[in-house]
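So you know, we letter chains A, B, ... as the sequences are listed, proteins then strands, and number each from 1. Any value given below was found using the heavy atoms of this structure, including those in side chains, with hydrogens, waters and symmetry copies removed. Just so you know, these numbers come straight off a predicted model, no measurement behind them.
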Protein chains: 2
Amino acid sequence: MSPREKTRPTGQESLRDSVLGGDLIFLLARANALTLAAANAVLAQHGLKARSYSVLALAADDARPTQRELAEFLRLDPSQVVALVDGLEKRQLIERQTDPTDRRANVLVATDAGRDLFARAQESARAVELGLLATVTPEDHERLAELLRLLAFPD
Amino acid sequence: MSPREKTRPTGQESLRDSVLGGDLIFLLARANALTLAAANAVLAQHGLKARSYSVLALAADDARPTQRELAEFLRLDPSQVVALVDGLEKRQLIERQTDPTDRRANVLVATDAGRDLFARAQESARAVELGLLATVTPEDHERLAELLRLLAFPD
DNA sequence: CACAAATAATTGACATTTTCAACGGTTCAT
DNA sequence: ATGAACCGTTGAAAATGTCAATTATTTGTG
């Protein structure tokens, strides 16, 4: 009974119109993949990837996050943060300071070199973001960010 | 000169307000991570993950995609598609049909069992999506999908 | 105060995923 | 007909993700 007898192949006729084209989870995954690739490409010029860029950003922001807070925020296992921080610290871009209020914890702080690098990297990142959304009004750009924040931080 | 002398730790004071909170690339990554986790959790009930669900979806859609088209669409390496298809084919949910117009290519078609499973899985997936965006108007839901499509398919 | 339980960072083991190069079979353009 | 390009497949190497165990420190409770 099911109308499965397609006689001609659809060929490369866009899969976009399939069920997945309306699937938010899929769209999010694909948008993320492309965006991440674009970001990594430009960040490579600064010796960074999206991950290390994010760590550097938070350290440079004077938010003084502990590694654990960072792990939670970036959705990483604490052990992954160790490696990330090791890398940035070896390059003297950030440093670990043991939290005076809790000597178990390390607070991350950017060095001056780290801040400089971040400032430059941030420009690249911003340029990528604007490039990706070049066809969109600033209002829609902001609306997208707002809606993504809802998904990213479901309180 | 830089105002780096924070005397008190900011503690767990939300990192959300840091630079990254406005970074689309980061928001996309985090939203994707959470969404993917939620999707995988419910899809597990059907023995699927987001990846295999997507493959099944396209096969069940009578789009008759080749493995290569699938790889491009899902942003996967062709070799990953092999494993994915192997798994679904072993479970008799889809089958490979050599494309009559190009005998190098395999076209993927869902079996009846595959269509059944997909129908059920799709409901779960849809429920997750609605749950994640429960706090949002249907108009905003659609707007989000529209904007993500722009990022996911930059023509 | 003392002691048990909980927590932060780290390490190392293991699984999963990604990325690449190579190969056989097939098609395509000359 | 022949060489170049292409599809699926395999297998290896690198990167990521997941988890349990360890040490040092803190916190809660009697």
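K49(A) has no side-chain polar atom (N or O) that falls below the 4.0 Å cut-off from OP1 or OP2 of dA15(D). The side chain of R103(B) contributes an N or O atom lying less than 4.0 Å from OP1 or OP2 of dT27(C). In this structure, R68(B) does not reach the dA5(D) phosphate: none of its side-chain N or O atoms is under 4.0 Å from OP1 or OP2.
Rounded to whole Å, atom C1' of dT27(C) lies 12 Å from atom CG of D99(B). Residue L74(B) contributes atom CG, which lies 14 Å from atom P of dT17(C) at whole-angstrom precision. Atom CG of D86(B) and atom C1' of dT9(D) are 9 Å apart (whole Å). The separation between L84(B) atom CG and dT18(C) atom P is 10 Å, rounded to whole Å. Between the CD atom of Q80(B) and the P atom of dC7(D) there is a distance of 17 Å, given to the nearest Å. In this entry the distance linking CD of E72(B) with P of dC7(D) reads 12 Å, nearest Å. Between L76(A) atom CG and dG17(D) atom P there is a gap of 7 Å when expressed in whole angstrom units. For the pair N40(B) CG and dT18(D) C1', the computed distance is 14 Å after rounding to whole Å.
Ring geometry for Y53(B) versus F118(B): interplanar angle of 30 to 60°, hence tilted. Taking the six-membered ring where the residue is Trp, F26(A) and F153(B) present tilted rings, their angle falling between 30° and 60°.
Within the 4.0 angstrom heavy-atom criterion, base atoms lie near D77(A). Among the heavy atoms of the strands, none lies under 4.0 Å from R75(A).
Nearer the 5' end of DNA chain C, as judged by each residue's closest nucleotide, is the contact made by D102(A), out of D102(A) and S79(B). In this structure, N106(A) and R51(B) both approach DNA chain C, and ranking their closest nucleotides by distance from the 5' end singles out N106(A).
Q97(A) CD: more than 12 foreign heavy atoms inside a 6.0 Å radius.
Residue T66(B) places no side-chain atom within donor-acceptor reach of the base of dC7(D), judged by atom type and a 3.5 Å distance cut-off alone. Under 3.5 Å, the side chain of R104(B) and the base of dC6(D) form at least one donor-acceptor pair of N or O atoms.
Of all non-hydrogen atoms in R149(B) and G21(A), the two that sit nearest each other are NH1-O, 2.6 Å.
The CG atom of L24(B) lies 9.5 Å from the CD atom of E142(A); values are rounded to the nearest 0.5 Å.
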